Amino acid sequence: MDKNFGAAEAEARIARLWEEAGAFRAGANAKPGGQPFSIVIPPPNVTGSLHMGHAFNNTLQDILTRWHRMKGDDVLWQPGTDHAGIATQMVVERELAKSNRRRTDFTREEFVSLVWQQKQRSRGNIKAQLDRLGASCDWSREAFTMGGAPGDPEAGQGPDFHDAVLKVFVDLYDRGLIYRGKRLVNWDPHFETAISDLEVENREVQGHMWHFKYPLANGATYDYVERDADGNVTLRETRDYIAIATTRPETMLGDGAVAVHPSDARYAPIIGQLCEIPVGPKAHRRLIPIIADEYPDPAFGSGAVKITGAHDFNDYAVANRHDIPLYALMDTKARMRADGLPYEESALIAGQIARGEREASDVSQINLVPDEMRGLDRLEARRLVVSQIESEGLAVLTDSADGPVPHVESKKIMQPFGDRSGVVIEPMLTDQWFVDTARIVGPAIDAVRDGRTRILPERDAKTYFHWLENIEPWCISRQLWWGHRIPVWYGFDLNPGTFRDETGDDALDEIELGDLLLQEGFVGPEPRHHCAADFAAVADRFAGDLAGLPTPLNHARVVEVAGAEAAEDAFAQGLADYNLTQDPTRLVYPVWRDADVLDTWFSSGLWPLGTLGWPNDTPELARYFPTSVLVTGFDIIFFWVARMMMMQLALVNEVPFKTVYVHALVRDEKGKKMSKSLGNVLDPLDLIDEFGADAVRFTLAAMAAMGRDLRLSTARIQGYRNFGTKLWNAHRFAEMNGVFAAPRAPGIPQATAPVNRWILGETARIREEVDAALDSFRFDGAAQSLHAFVWGVVCDWYVEFSKPLLSGTDEALKRETQQVMAWVLDQCLILMHPFMPFITEDLWGSTASRAKLLVHADWPTYAVADLVDPAAEAEMRWTIALIEGVRSARAQLNVPAGLTVPVVMVEADAPARAALARNGALIQRLARIEVPTEGAAPRGSLTVATPGATFALPLEGLIDIAAEIARMTKGADKAAKEAASLRARLANPRFVASAAEEVVEETREALAAREAEEAQLRAALARLSELS
RNA sequence: GGGCGAUUAACUCAGUGGUAGAGUGCUUCCUUCACACGGAAGAAGUCGGGGGUUCGAAUCCCUCAUCGCCCA
């Protein structure tokens, strides 16, 4: 054997071994009747690459997966990737940009096909990276959240996710759980799409707060009075304006009201009055009402807030409460609108609405952006608005060194940014599709409350509840090209009105057609829409809609066109053709499909069901659903976990998983969250290259304390790489000593020597510890126990103890030790395998001929009760104490390390004598002493005290008596101090009365031991002081 | 502003009622026939401050301070 494990060479070789054996296939190594154990991987972004968070996440899943597989459970770890709408579209657009091309240079179909090609190119990344990590997922079942969608070159090879997603949309739509509405949504002006509030990152940035005056209508005035906390008047003046503060002056153009708090006495006199927005051409200044609402904070700014319902979420709520119109000011790129009615006309209509002279029904054509600002960027418009107000003297002034100046505060403000685009998000009034989450959230809350799904750590259940209990409608439409296109088609809302086919000839002549088409309301203002999984189904619905129309319009052929404009043309063309030919087959009813796609999370919300083949009734679905465990980061509890819970419960009325293990984040060395936009992402492959996958995995597991972020340091990884080497060299030692060559009986070896009986017991302890830790998802506990056992027990002690036995002359003892060591090392490999799969599999294969790969080895079930021999354990503890005592004394007194010294047993009780007799060989070797003789302590000797015995190392002349006195005094003092503390505790009657009996007993024993130790050391000290 | 969490050895972190632990680093010694990615022996913490509950508190409660995260 080499001195080190060659990770780079071995990892690839072993991965191939597993692959060729189909070792990770669903159900591999399952015992007859094995319990199902299933995990779905949190699907990584298909065009992405794995960062440390993924490495962490997948290491934990793999540990659980390998552990259960070895236990003989029927295991499935389901892998796959996510189509990641915006992110993937962005990757392709960025690629195109390199050759100066844009998405819009292509048709939608062409572009989507480019994305599929990109997906083909990059999806191997994820698998290759997971393979490097040793992730034992069943790649034969790889799934993709857009599998089977139009254009998928691999359609039919995996689960048809597209089918499932559309089915769910249609199902929820039919149940009234999905609706379309014009709502204020977060709009990303870079990607020109709506995004959900979870995709918005609120960041504090440096901003400004401007203070402006809104003059009261018709020059009205009021007494403005400010009071201090005691009610004393601190300011009284007559004002003809109301002051507002804003961080976004450009939105003033769309103001619909000024709001004050109903309790705010300062403004009570003017509630209900009108005031003037101080921007825009003077001739068409708009008046807006001053209203009372709970929203404004009287203590903030002036206490008065301008209400711009179409551009702020808080204002939107106020506007809805007070029926204030929502005037949109910006286009999809967040530039000031240039469409709609001219400013003058818009201002006029808005004024009529404000005065109650006109209904505020559809205000979308009203564009209150003054002509000179139309098309400007929002920030340019802001500058213009500010300068206009200031030049007109309507800014609130404040004193400065140069006299009064406009009051502009520099302050930190919270601003929303798109988490992908990084641009400032604009609240935007648009038509979108929503899931009525309030109606499906109940079962998701109940399932966790009643324990059908358990969230670990428990604290994260609070986050889950908090979010679900305050859930907002979920905007699921995205204005993208890459994604599941919404299965909704639109067509004109045609109404026969009062038209009758007077001629009764089931045909329409030119006059009749004219009567029909020109009558008011023939085409309704909003298109009709129908939802179905495909065009054929939806065409039937539209055909049904046409039934009420006069013949032959009621038999118009439903055809699909690109959009509303194409539909107008097609419809007109059909009518014209019919009119010319009277051939009813020329009549068409054109419909067009919704251009939007679904939020990626809508499809990944189906992940557990969809990957298992739902809606088909597959054997895997029956076997592995609900899944056993979901392992995921806390940052997507809302995004994903909660939505999966809601969706699976809404669809099949079952929870998607029984346990959710929520892990913390892997942070960078500064404790910052790793993110693509920050560019501080670490590549786990670099670490694997440097230290090996086993070391990286073990480190992550050892640091996986529940609910706490981990900061990865390479020093720690290196430490666990060394740990792997340690394990390796223990095997190398065993090989050199014939351990693997010796004949072996199956099962747990019989042992007679205390050292062998002892290590069997220690192995049983560690097996129980590891199982208990993994049962409770304490990955760190399991890793640390294994580390302490393999290094601290097996390598430090058992291997050392074995040396004199393996090289000794007692052949029976030698054979026994070889067999026990072979077994113990096998147990190390088995128990370590879920954590360090590569090195253990390699050693497993190279140290014996095996019936099965280690990945399929049987996980042990032996217990402490079966294997621990208390007598052997006590004896070995004593042996270790003696060796450590001798070593410590030697080292502290600078006895040369290589020198074998004589030893005299000064006193010893029966157990100590027995232990010495049975373990003399190991003690002599490890402590470097000669065969002990019995007698009084010679002059000038070192003293070593163990429970029940005192030994002396006669080293007169070699040692410094004063140093020995100091050492002994220190030891005696320490024992005395501890004894005193124990004595005090036992002297307290309330301790004896109220503490558990075994605690009291332990304390008594500890006291006795300390007292005995002190006595031994004092006696030795007395002898020493005679010398000096 | 609301919520959650953290504060333990020089560093990174375990440890939820019974004598303070790990990895790395540090000191001294050892190239002893598994391993220098090693061995042996050490030094090192008033467990953030204060108060309380308890026979007993790093651990439970209160409070303060500092830091972090999430939400507004």
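Predicted model, so just to flag it, every value in this text is computed and none were measured. Sequence lines set the chain letters: A, B, ... in the order given, protein chains first and strands last, and positions in each chain run from 1.
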Within the 4.0 Å heavy-atom criterion, would you say A:A1006 contacts the bases, only the backbone, or no part of the nucleic acid?
nothing
Out of curiosity, A:F801 CZ to A:I923 CD1, how far, rounded to the nearest 0.5 Å?
8.0 Å
Spacing of A:I717 atom CD1 relative to B:C13 atom P, expressed in whole Å:
14 Å
Can you tell me the base-pairing partner of B:G1? Count Watson-Crick or G-U wobble geometry only, both distances below 3.5 Å, and say none if there is no partner.
B:C71
Measure from CH2 on A:W728 to C1' on B:G38 and round the result to the nearest Å.
17 Å
Test side chain to side chain donor-acceptor pair (under 3.5 Å) on A:T817 and A:N756 and set out the steps.
CA-CA 7 Å; A:T817 303; A:N756 287 329; 3.2 Å; yes
Side chain of A:R716 only, heavy atoms from C-beta on: which candidate in B:G23, B:A34, B:A41 is closest?
B:G23
Would you mind telling me which of B:G42, B:A34, B:A14 lies closest to the side-chain atoms of A:V799?
B:A34
Heavy-atom nearest nucleotide on RNA chain B for A:T725 versus A:I883: which residue maps closer to 5'?
A:T725
How many angstroms lie between CZ in A:R925 and CG in A:N919, if you round to the nearest 0.5 Å?
15.0 Å
Please determine whether a side-chain nitrogen or oxygen atom of A:S888 lies at a distance below 4.0 Å from atom OP1 or OP2 of B:G42.
yes
B:A72 OP1/OP2 closer than 4.0 Å to side-chain N/O of A:W467:
no
Between CG of A:D796 and P of B:A41 the distance, given in whole Å, is 9 Å
Considering only B:C35, B:A22, B:A14, which nucleotide approaches the side chain of A:K3 most closely?
B:C35
Provide, to the nearest angstrom, the distance between the CG atom belonging to A:L893 and the P atom belonging to B:U28.
18 Å
Parallel, tilted or perpendicular: rings of A:W791 and A:H787 (30°, 60°):
tilted
Complementary nucleotide of B:C55, counting Watson-Crick and G-U pairs under 3.5 Å
B:G18
Let me confirm one number: the CD-CZ distance from A:E1001 to A:R1004, rounded to the nearest 0.5 Å.
6.0 Å
Minimum-distance nucleotide to A:M736 side chain [options: B:A34, B:A41, B:C37]
B:A34
Take the protein atom CE of A:M1 and the nucleotide atom P of B:C37, then report the distance between them rounded to whole Å.
17 Å
Looking at B:G42, I'd like to know if its phosphate oxygens (OP1 or OP2) sit under 4.0 Å from a side-chain N or O belonging to A:Q892.
yes
At 4.0 Å (heavy atoms only), tell me whether A:K974 reaches a base, stays on the sugar-phosphate, or touches nothing.
nothing
Need one value for A:R928: base, sugar-phosphate or nothing, where a base atom within 4.0 Å counts as base even if backbone is also close, heavy atoms only.
base
Side chain of A:Q784 only, please: which of B:G42, B:A14, B:U32 is the nearest?
B:A14
Using atom CD of A:E201 as one end and atom C1' of B:A72 as the other, report the distance to the nearest whole Å.
16 Å
Round to a whole Å and report the spacing from CG of A:L468 to C1' of B:C70.
15 Å
Counterpart base for B:G48, defined by Watson-Crick or G-U wobble contacts under 3.5 Å
B:C64
Less than 4.0 angstrom from a charged side-chain N to a carboxylate O is my criterion; do A:R983 and A:E978 meet it?
no
Quantified in whole Å, what is the C1' atom distance between nucleotide B:C29 and nucleotide B:A36?
14 Å
Can you measure from OG1 (A:T879) to CG (A:L926) and round to the nearest 0.5 angstrom?
10.0 Å
Rounded to the nearest 0.5 Å, how far does CG of A:L922 lie from CD1 of A:I883?
6.5 Å
For the side chain of A:N722, counting heavy atoms from C-beta on, which of B:A14, B:A40, B:C37 is nearest?
B:C37
Contact class for A:R778 (heavy atom, under 4.0 Å): base, sugar-phosphate, or nothing?
sugar-phosphate
Nucleotide nearest A:H787 (side chain, heavy atoms from C-beta), chosen from B:G42, B:G23, B:A34
B:G23
At 4.0 Å (heavy atoms only), tell me whether A:N4 reaches a base, stays on the sugar-phosphate, or touches nothing.
base
Between B:U59 and B:G17, how far is it from one C1' atom to the other, in whole Å?
7 Å
Using the C1' atom on both, measure B:U19 against B:U24 and round to a whole Å.
27 Å
Do A:E800 side-chain and B:A40 base share a donor-acceptor contact under 3.5 Å?
no
Return the 5'-most residue of the pair A:Y720, A:A897 with respect to RNA chain B, ranking by each residue's nearest nucleotide.
A:Y720
Tell me whether the OP1 or OP2 atom of B:A34 has a side-chain N or O from A:K803 closer than 4.0 Å.
yes
Using the P atom in both, what is the distance from B:C4 to B:C60, to the nearest Å?
15 Å
Is any side-chain N or O of A:K726 under 3.5 Å from a base N or O of B:C35, one able to act as donor and the other as acceptor?
yes
Distance between the P atoms of B:A40 and B:A58, in whole angstroms?
31 Å
Opposite nucleotide pairing with B:U32, Watson-Crick or G-U, both atom distances under 3.5 Å
none
With both distances kept under 3.5 Å, what pairs with B:U24, Watson-Crick or G-U wobble?
B:A10
Could you tell me if the ring centre of A:F835 sits under 6.0 Å from that of A:Y720?
no
Return the CZ to CG distance between A:R721 and A:L687, rounded to the nearest 0.5 Å.
12.0 Å
Proximal nucleotide (of B:A72, B:A40, B:G42) relative to the A:N202 side chain
B:A72
If we take the C1' atom in both B:G48 and B:A41, what is their distance in whole Å?
33 Å
Using 4.0 Å as the upper bound for N to carboxylate O, is an ion pair formed by A:E735 and A:R732?
no
Could you work out the separation of B:A57 and B:G18 based on their P atoms and round it to a whole Å?
11 Å
Between B:G39 and B:U31 - C1' atom distance, rounded Å
11 Å
Going by modelled atom types, is there a donor-acceptor pair between the base of B:C35 and the side chain of A:R732 at under 3.5 Å?
no
Hey, what are the protein-to-nucleotides 53-59 of chain B N/O distances that come in under 3.5 Å?
{"from": "B:C55", "atom 1": "O2'", "to": "A:N988", "atom 2": "ND2", "distance (Å)": "2.6"}

Under 4.0 Å between any heavy atoms, over every strand shown, what does A:R887 touch: base, sugar-phosphate, or nothing? Just pick one.
sugar-phosphate
Atom-to-atom span, CZ of A:R1010 to C1' of B:U19 - whole angstrom
9 Å
A:S888 side chain to A:Q892 side chain, donor-acceptor N/O pair below 3.5 angstrom:
yes
